[in-house]
Amino acid sequence: MKENMHIEKGQSRLYSKLVPSDLNTGDTTRKFYQFDNDSSKVIRIDSFEELEDRYNNMAKPNIVIDLGKKLFQEIQTDYNIKVPSKIIIDKNEENKDTVYIVTDKINGVALEKAEKTPDFLMKLEDLYVSISKYYLDKLNSKDAHLADLNSESQYIYGTKKGDEKPEIYLVDTDLYLNKGDVALLHNVKWLVRHMPKKFDRAVENIRKIIETPLSKDLSDLDRIKAEKEIRESLNFINGTFKVGDKVDEEGFIPTPLT
């Protein structure tokens, strides 16, 4: 990730330079923006109030932002997951603190539409091995983690300026963070559910996660939730999930981050 930054005093406010992105097509609740003189960037915007709502007031926006910067940098340097984004903090048109996530537009295709060349398939497997290893390490460290890394739709296979060959880029970089074993196990279940193929090395990491004894510090309610996540993950891994079984559609589960 490029250097995260705040707007310096005296600079024009960022919102004044933005126009709706050409990505705003179809039925989407997420609005995207681009610079009025540069369509090579895609900008997501979150107000501090929206971040507070996302976390049910359990995490302060500054904590979410600072931790998000750290975690996105970490998956690049330690897990080789490419994130072509930077986070900018500035005021909006109402003079309220706002998060602008600026991402390089990637010239490419969604992973499910990419040609299944040997090079692409190797990179796809490496991606899911990296994600599974990331969650395994976070389970062992008990540190906060990125919650939303799991779906093929969050990545683009293609090139940005300076690339000689296509790479897989994480382009959906909204600030969804978690802490705690229950939330991690929930995210791992979604990883298993979304993984396009049962890559052996990724499955090995996932089995290590769900076979790790639960913490004795869990409350009775959290233990029940954790056991449910483990059980459903195993069903997806082992192919015992049946058509017609109730599917858990709960996505992001807000958690305190400190």
If you measure from [atom1] on [X] to [atom2] on [Y], what distance do you get to the nearest 0.5 Å?
X	Y	atom1	atom2	value
D143	L184	CG	CG	11.0 Å
K123	N80	NZ	CG	10.0 Å
E94	S47	CD	OG	9.0 Å
I75	K133	CD1	NZ	14.5 Å
D217	R223	CG	CZ	9.0 Å
R207	T212	CZ	OG1	13.0 Å

Between [Y] and [X], is there a salt bridge with N-O shorter than 4.0 Å?
X	Y	answer
K70	D66	no
D97	K91	yes
K138	E74	yes
D172	R44	yes
K228	E232	yes

Is it the case that [X] and [Y] place a side-chain donor and acceptor less than 3.5 Å from each other?
X	Y	result
Y100	N92	no
N178	T255	yes
T117	D119	no

Close side-chain approach of [X] to [Y], heavy-atom, < 4.5 Å:
X	Y	result
Y55	L257	yes
N187	L149	no
Y155	L127	yes
I81	I168	no
Y128	R201	no
I88	I101	no
F72	L175	yes
T159	Y169	no

Using every non-hydrogen atom in the two residues, find where [X] and [Y] come nearest and quote the distance to one decimal.
X	Y	result
L185	S233	O-OG, 4.4 Å
K179	A183	O-CB, 4.3 Å
E112	S153	OE1-N, 4.3 Å
S16	D36	O-OD2, 4.4 Å
S85	T173	OG-OG1, 3.4 Å
N56	P254	ND2-CG, 3.7 Å

task: Start with the C-alpha gap between N205 and Y135, add the side-chain angles, then the distance that decides, and say whether side-chain hydrogen bond (donor to acceptor under 3.5 Å, both in side chains) holds.
output: CA-CA 9 Å; N205 287 332; Y135 283 134; over 6 Å; no

query: Does R54 make a cation-pi contact with F252, if we ask for NZ or CZ under 6.0 Å from the ring centre and within 45° of the axis?
result: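 Geometry flag: not set, cation outside 6.0 Å or 45°.
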
message: Between Y157 and F120, is the ring centroid distance below 6.0 Å?
response: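 When the ring centroids of Y157 and F120 are compared, they turn out to be within the sub-6.0 Å range.
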
query: Can we call the ring centroids of H145 and Y134 under 6.0 Å apart?
result: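 No.
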
I'd like to know whether [atom1] of [X] has more than 12 heavy-atom contacts from other residues, nucleotides or ligands below 6.0 angstrom.
X	atom1	result
K197	NZ	no
E93	CD	yes
D220	CG	no

CA sep, side-chain torsions, deciding dist, call: I45, Y33, side-chain contact (heavy atoms from CB on, under 4.5 Å): CA-CA 8 Å; I45 301 176; Y33 299 85; 3.6 Å; yes

query: Taking the side chain from D222 and the backbone from L218, do they hold a donor-acceptor pair closer than 3.5 Å?
result: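 A pair under 3.5 Å: no.
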
- prompt: Between N140 and L136, is there a donor-acceptor pair closer than 3.5 Å when you use the side chain of the first and the backbone of the second?
  reply: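 Yes, because the side chain of N140 sits within donor-acceptor range (under 3.5 Å) of the backbone of L136.
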
message: Could you go through N235 and T240, starting from their C-alpha distance and side-chain angles, then the distance that decides it, and tell me whether this counts as side-chain hydrogen bond (donor to acceptor under 3.5 Å, both in side chains)?
response: CA-CA 5 Å; N235 284 341; T240 55; 2.9 Å; yes

message: Among K17, R13, K96, which residue satisfies the salt bridge (charged side-chain N to carboxylate O under 4.0 Å, His left out) criterion with D90?
response: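 For D90, the salt bridge (charged side-chain N to carboxylate O under 4.0 Å, His left out) test succeeds with only one of K17, R13, K96, which is R13.
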
query: Can L191 and I206 be said to form a side-chain contact (heavy atoms from CB on, under 4.5 Å), step by step?
result: CA-CA 9 Å; L191 171 61; I206 292 166; 4.1 Å; yes

message: As a quick check of understanding, evaluate side-chain contact (heavy atoms from CB on, under 4.5 Å) for D104 and K161, giving each step before the final call.
response: CA-CA 9 Å; D104 292 330; K161 186 176 180 180; over 6 Å; no

message: Given I209, which partner from the list V192, V188, I230 fulfils the side chain to side chain contact (heavy atoms under 4.5 Å, CB included) test?
response: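 Checked V192, V188, I230 against I209; only one passes side chain to side chain contact (heavy atoms under 4.5 Å, CB included): V188.
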
